[in-house]
J.: 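Following this message is one structure expressed as structure tokens.
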Amino acid sequence: MADLARELGVSMTTISRALSNHYSIGPEMKAKVQKLAKKYNYQPNRLASALRKGKSKLLGIIVPYIEGRFFPSVVHGIETAATKAGYNVIICQSHEDAAQERRNIEALLSAQVAGIMVSLSRTTTSYRHFEEVQNRGLPLVFFDRSMEGEDVNAVVLDDQEGALIATRHLVAQGCRRIAHLAGPQHLTIYKNRYRGYLEGLREAGLPVDEELIVFTDMTQLEGAGAMRNWLALPNPPDAVCSAGDYCALGALQEARRQGVPVPDGVAITGFSNEAFTVISEPSITTIDQRCEEMGQATVRLLLELIESHGTAFAPRQIVLRPELLMRSSSVREAKPAAPAGKRAAKTAAR
């Protein structure tokens, strides 16, 4: 700006106002400034400008990964809502690594973002780096994978309800030995999905069989391994309620590899509505997590925090309702009942 001012023989204030289309600068001077700025490829420092005004128009996002359907869809919802509100976003990936997640936080703090949205990595067990964010008074909102506690701002799915719905569905299909592929229990989402599964068994009057519960990191390989071990049991399960779609896919593939029909031999449900669940063979019944709605709600909550300017703001948890998407992996064809006369004849014959 100093170079532009020197060449045109005007003050830096005039240059600044001309570039921002201020009403006090005439159209002729504005045209001269714009022409010279274009000649020298001048780019305004938006961050410096925001800092001078005391507010940044950048929001930070940390997700475990950008692949599959869930996190990209949530991020799309975040970007849509943030752009509408006049903000840009910086997206970081933790790659399911707690150390990388801490580095992401440091990078976003250095970038002077106005607020941070986070979905925890699978390996995060300490939350001190988030305490640093809160100590600085920077708005912080968790989504999907959240810290526990009433003083946390978060947008989550009712994961317990989701797993309960899936278990009820399997019971309604006639399943009685329902196995569970559980996720890491230090993460609230998987703990709640495990609780929902147990609640579904209790509701149906079914026993909890420990050999039908396997705790995993939710990988496709672990799902296949668990199914292999279950099918080797004297009394294998007739259904699997998985806390994640990747594990469900592994279980389904192993069942088919061993010639066990799905769903008639073993019914399977997943969780997340990943894109592959529609095109797998058979397609996988799953729980939809309302991805874009979650992203948009996360931005709205963060903007409320930003606009509160540090005043007292009661922490809020926004809970979204899950939806069961019934597909071929769990829906068993209802067998029509035989006519009363035929049933009686068969009974007499036996």
Side-chain angles (χ1 to χ4, degrees), residues 45-51 54-83 85 87-149 151-156 183-191 216-219 222 244 246 272 274 289 291 294-295 297-299 301-303 305-306 310 315 317:
N45 189 329
R46 304 290 184 192
L47 178 58
S49 175
L51 294 178
K55 56 182 178 181
S56 162
K57 302 298 283 186
L58 288 174
L59 303 178
I61 309 170
I62 302 177
V63 291
Y65 49 83
I66 297 286
E67 59 185 44
R69 175 182 178 271
F70 177 70
F71 285 115
S73 296
V74 174
V75 168
H76 183 266
I78 287 174
E79 287 188 306
T80 300
T83 300
Y87 285 81
N88 293 312
V89 298
I90 299 175
I91 304 169
C92 301
Q93 297 183 75
S94 67
H95 300 290
E96 299 286 20
D97 179 60
Q100 180 60 39
E101 184 178 84
R102 287 192 294 273
R103 289 190 288 271
N104 291 156
I105 288 290
E106 292 168 4
L108 292 175
L109 291 175
S110 298
Q112 302 285 341
V113 295
I116 297 176
M117 296 162 278
V118 183
S119 188
L120 294 172
S121 86
R122 190 179 293 144
T123 56
T124 298
T125 55
S126 170
Y127 308 115
R128 294 181 66 179
H129 46 305
F130 297 117
E131 292 171 8
E132 171 65 18
V133 175
Q134 293 171 323
N135 291 339
R136 293 195 186 194
L138 191 67
L140 175 66
V141 175
F142 292 90
F143 62 92
D144 187 45
R145 304 181 188 176
S146 170
M147 287 172 51
E148 290 191 84
D151 59 341
V152 174
N153 289 289
V155 179
V156 297
Q185 295 300 287
H186 66 277
L187 290 176
T188 308
I189 60 168
Y190 296 120
K191 184 188 297 183
T216 74
D217 279 332
M218 293 280 92
T219 67
E222 288 172 305
Y246 285 95
S272 281
E274 293 287 353
Q289 294 181 268
C291 316
M294 181 177 287
T298 301
V299 171
L301 181 54
L302 186 68
L303 293 181
L305 283 166
I306 292 171
Q317 287 83 45

J.: Are Arg102 and Glu132 close enough, and set up right, to give a salt bridge (charged side-chain N to carboxylate O under 4.0 Å, His left out), and what steps lead you there?
T.: CA-CA 10 Å; Arg102 287 192 294 273; Glu132 171 65 18; over 6 Å; no

J.: Are any side-chain N or O atoms of Ser94 and backbone N or O atoms of Gln100, one a donor and one an acceptor, separated by less than 3.5 Å?
T.: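 The answer is no, because no donor-acceptor pair under 3.5 Å joins these two groups.
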
J.: Say whether, by atom type as modelled, one donor and one acceptor occur between the side chain of His95 and the main chain of Ser121 under 3.5 angstrom.
T.: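 Checked: no pair found.
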
J.: Does a side-chain heavy-atom distance below 4.5 Å link Thr80 with His76?
T.: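 Yes; the side chains approach each other to less than 4.5 Å.
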
J.: Testing the basics here: between Arg69 and Ser272, what is the closest heavy-atom pair and its distance to 0.1 Å?
T.: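 Scanning both residues completely, I find the closest heavy atoms to be NH1-O, 4.1 Å.
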
J.: What heavy-atom pair brings Cys92 and Leu108 nearest, and what distance separates the two atoms?
T.: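 Minimum heavy-atom separation between Cys92 and Leu108: SG-CD2, 3.9 Å.
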
J.: Taking only residues two or more places apart in sequence, or in another chain, which ones meet Val63 in a side-chain contact (heavy atoms from CB on, under 4.5 Å)?
T.: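 Val63: side-chain contact (heavy atoms from CB on, under 4.5 Å) contacts with Ile61, Ile66, Phe71, Val75, Gln93, Phe143.
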
J.: Would you say that His129 contacts Thr124 through its side chain, given a criterion of any heavy-atom pair below 4.5 Å between the two side chains?
T.: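 In contact.
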
J.: Hey, which of Met117, Glu131, Gln134 is the one that makes side-chain contact (heavy atoms from CB on, under 4.5 Å) with Leu140?
T.: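 By the side-chain contact (heavy atoms from CB on, under 4.5 Å) criterion, Leu140 pairs with just one of Met117, Glu131, Gln134: Gln134.
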
J.: Does the side chain of Pro139 reach to within under 4.5 Å of the side chain of Ile306, using non-hydrogen atoms?
T.: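 A side-chain contact exists here, since the closest heavy-atom pair is under 4.5 Å.
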
J.: Between Pro184 and Asp217, is any pair of side-chain heavy atoms under 4.5 Å apart?
T.: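 Of all side-chain heavy-atom pairs linking Asp217 with Pro184, at least one is under 4.5 Å.
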
J.: Is any side-chain heavy atom of Leu58 closer than 4.5 Å to a side-chain heavy atom of Gln112?
T.: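 Sidechains of Gln112 and Leu58: no contact.
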
J.: Determine the sole option in Glu148, His186, Gln185 for which the side-chain hydrogen bond (donor to acceptor under 3.5 Å, both in side chains) test with Lys191 is passed.
T.: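 Of Glu148, His186, Gln185, side-chain hydrogen bond (donor to acceptor under 3.5 Å, both in side chains) with Lys191 is met by Glu148 alone.
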
J.: Step by step, would you call Tyr190 with Arg145 a side chain to side chain contact (heavy atoms under 4.5 Å, CB included)?
T.: CA-CA 9 Å; Tyr190 296 120; Arg145 304 181 188 176; 4.1 Å; yes

J.: Given Thr298, which partner from the list Asp144, Leu303, Leu59, Val141 fulfils the side-chain contact (heavy atoms from CB on, under 4.5 Å) test?
T.: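 Going through Asp144, Leu303, Leu59, Val141 one by one, the side-chain contact (heavy atoms from CB on, under 4.5 Å) with Thr298 is satisfied by Val141 alone.
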
J.: Less than 4.5 Å apart, any side-chain heavy atom of Ile116 and any of Phe130?
T.: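 Heavy-atom side-chain distance check fails, nothing below 4.5 Å.
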
J.: Measuring only between side-chain heavy atoms, which start at C-beta, is Val118 closer than 4.5 Å to Phe142?
T.: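 The answer is yes; the side chains approach within 4.5 Å.
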
J.: Is there a side-chain contact between Ile189 and Val156 in this structure, where contact means two heavy atoms from C-beta onward sitting under 4.5 Å apart?
T.: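 They are not in side-chain contact.
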
